[in-house]
Amino acid sequence: MQRETIFAPASGSGKAAISIVRISGPKTRFVLETIAGSLPKPRQATLRIIKGSDGPIDRALIVWFPAPHSFTGEDCAECHLHGSLAVVRSLLSCLSGFDDCRLAQPGEFARRAFEHGKMDLSTIEGLADLIDSETERQRKQALRQMEGGLSYRVSEWRQSLLSAMALVESDIDFSDEGDIEPETARHAQRFIAGLITDIEGVLAKAHQGQRLREGIVLIVAGPPNAGKSTLVNALANRDIAIVSSIAGTTRDLIEVPLDLDGLPVVLIDTAGLRDSTDEIESQGIAKARQRVAQADLGLWLMPPGFNEQPPIGPDWIRIRTKADLGLTDHENLAISVLTGAGMDGLRDRLKTEIEQRLGSGDALITRERQKQALTRALLSLIQARKGLDQGRDTELIAEDLRLAARYFGEIIGVVGVEAMLDTLFAQFCIGK
Ligand SMILES: Nc1nc2c(ncn2[C@@H]2O[C@H](COP(=O)(O)OP(=O)(O)OP(=O)(O)O)[C@@H](O)[C@H]2O)c(=O)[nH]1
Ligand SMILES: [Mg+2]
């Protein structure tokens with residue numbers, strides 16, 4: 001059965017100067033010939049009148065990308081239309097009139113690119129992150145991944161692994177008793193030791209990569225009326241949380257994604273911590289305590305006269321609030337949102353602390369999935385190294401190495417990833 005041809009708007013919805021509709025699949029050539037009169041030269045923007053069944057739709061730039069030199073690896077085309085809702089709608093309905101042509105599902109173009117070997121899995125994850133990126137640091141990390149930073153390292157590792165496997169397996173073939181020759185073992189040891197060191201280095205930075213992708217979780221906590229919501233609003237530069245002089249104003253967790261000078265932060269306002277008999281407030285306090293335990297960094301807000309220590313959780317920056325009231329001390333950073341005193345100092349301190357947790361920004365691993373596969377590969381390699389050290393049966397060592405190869409394959413999506421593909425591609429919008 002011939003594969004369906006898919007189409008979708010590839011640019012944002014709404015009025016704009018230009019809207020792009022993308023088409024991919026075996027019918028693309030026929031569709032173009034029909035709606036544009038004839039096939040334009042490959043990869044050259046060509047101005048044409050696009051015609052539907054009841055007359056012209058728009059005058060548009062058309063680009064024809066014959067397979068395999070296209071984003072998806074199939075015959076592909078882009079129509080750059082005038083950015084009007086009616087024009088786009090009219091072209092989409094014209095395209096659905098062709099046999100075997102239908103609107104694409106979210107991420108379906110990317111999925112076809114993956115299936116045709118145009119992009120591997122970690123590259124596509126980079127693309128998804130690039131589209132989602134909100135800060136400069138996130139954009140750079142995503143771009144590096146999309147350009148194949150992780151794929152490149154993994155393919156280097158696979159090469160080394162293949163060399164080690166070849167050594168070990170040649171011994172299985174030639175030796176009678178299954179014992180590995182000392183010379184061969186030493187050789188294989190060298191490859192494996194190199195791999196282990198490399199992977200441990202990359203994994204050590206994985207946490208930073210994930211934090212950069214997801215944002216550093218910064219939680220604001222303290223007793224009721226400490227000025228938590230006031231500070232959250234000031235850091236976010238807008239009124240997100242209700243502020244009042246009544247203790248127990250904030251009850252739910254309020255999360256705000258924040259771009260702190262290019263650093264991605266998820267700022268969380270919480271209910272003031274105290275023993276409460278109010279049922280709703282108590283639930284809020286329980287939620288706050290839970291979230292405190294998972295945060296990367298915390299601001300512990302102490303109003304004048306309050307001296308309790310923060311709960312066990314993240315690293316805390318202790319802050320004396322309402323400094324304008326004149327009750328500060330020498331130990332803690334003092335701020336007044338009212339007068340702005342101490343706020344620059346707090347922002348600088350925050351930036352330093354966050355920078356530290358994000359590292360230099362050159363992490364290769366940015367997702368839990370990648371981390372897990374790489375950790376499993378590492379464990380298999382460590383197992384293989386132990387086997388070689390102890391002169392274990394070569395067949396067992398070879399099996400550990402095969403497992404490691406399999407886990408490498410998972411990172412770039414060569415094996416065992418069917419289950420997660422649907423989830424990944426569904427993250428994209430339609431038209432990607
Ligand atoms: N003088 C002075 N008052 C402040 C300052 N910051 C906040 N306040 C006041 O302190 C009161 C409590 O502020 P909130 O921000 O609602 O305190 P909160 O910690 O969020 O309180 P809950 O949500 O009830 O836990 C309000 O009346 C604020 O106007 C400050 O820097 N100086
Ligand atoms: Mg509050």
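As the structure lists them, so they are numbered: ligands from 1, and atoms in each ligand from 1.
Side chain of T5 to backbone of K27: a donor-acceptor contact under 3.5 angstrom is found. No side-chain donor-acceptor contact under 3.5 Å links S90 to the backbone of I57. Using modelled atom types, one side-chain atom of D296 and one backbone atom of V217 make a donor-acceptor pair closer than 3.5 Å.
With respect to E355 and R137, a salt bridge is recorded, a charged nitrogen being found less than 4.0 Å from a carboxylate O. The residues R112 and E115 are annotated as not salt-bridged, no charged nitrogen and carboxylate oxygen being separated by less than 4.0 angstrom. A salt bridge is defined here as a Lys NZ or Arg NE, NH1 or NH2 lying under 4.0 Å from an Asp or Glu carboxylate O, and D400 with K386 fails to meet this definition. Here E108 pairs with R102 in a salt bridge; the nearest charged N to carboxylate O distance falls below 4.0 Å.
Contact annotation: L301 has no heavy atom less than 4.0 Å from any atom of ligand 1. Distances shorter than 4.0 angstrom occur between a heavy atom of N225 and an atom of ligand 1.
Residue V337 has at least one N or O atom closer than 3.5 Å to an N or O atom of ligand 1. On a distance-only criterion, G248 and ligand 1 share at least one N/O pair closer than 3.5 Å. Polar contact with ligand 1: absent for T270 (N/O pair, distance under 3.5 Å). An N or O contact shorter than 3.5 Å is missing between D269 and ligand 1 by distance. Polar contact check, L325 against ligand 1: no nitrogen or oxygen pair lies under 3.5 Å apart. Checked by distance only, ligand 1 and G227 come closer than 3.5 Å through their nitrogen or oxygen atoms.
When hydrogens are left out, the protein atom nearest atom 13 (O) of ligand 1 is T230 OG1, 3.5 Å; that is the closest non-hydrogen contact. Among all non-hydrogen protein atoms, the one lying nearest atom 3 (N) of ligand 1 is K322 CD, 3.8 Å. What sits closest to atom 18 (P) of ligand 1 on the protein, heavy atoms only, is K228 N, 3.5 Å.
Only protein atoms were considered; those of element N, O or S under 2.8 Å from the Mg ion (ligand 2) number 2.
Contact annotation for S244 and ligand 1: only backbone heavy atoms (N, CA, C, O) come within less than 4.0 Å of the ligand. At a heavy-atom cutoff of 4.0 Å, ligand 1 is contacted by no atom of T321, backbone or side chain. The backbone of A247, and not its side chain, has at least one atom closer than 4.0 Å to an atom of ligand 1 (non-hydrogen atoms only; backbone = N, CA, C, O).
One side chain, Q309 or R318, offers a donor N or O that lies under 3.5 Å from an acceptor on the other. T366 and Q145 are linked by a side-chain donor-acceptor pair at a separation below 3.5 angstrom, with hydrogens and angles left out of the test. In summary, the side chains of D324 and S336 do present a donor paired with an acceptor at a separation below 3.5 Å, with no hydrogens or angles considered.
The minimum heavy-atom distance between I285 and S276, with the atom names listed, is CD1-CB, 4.0 Å. Taking both residues in full, the closest heavy atoms of A104 and A8 are given as CB-CB, 4.1 Å, listed atom of the first, atom of the second, then distance.
Around the NZ atom of K140, the shell of radius 6.0 Å holds no more than 12 heavy atoms that belong to other residues, nucleotides or ligands. Taking a 6.0 Å sphere around CZ of R59, one finds it holds 12 or fewer heavy atoms contributed by other residues, nucleotides or ligands.
Ligand-side atoms of ligand 1 in range of G272: 25 (O), range being under 4.0 angstrom from any heavy atom.
Of the listed options I335, V243, D324, I246, D324 places a heavy atom closest to atom 1 (N) of ligand 1.
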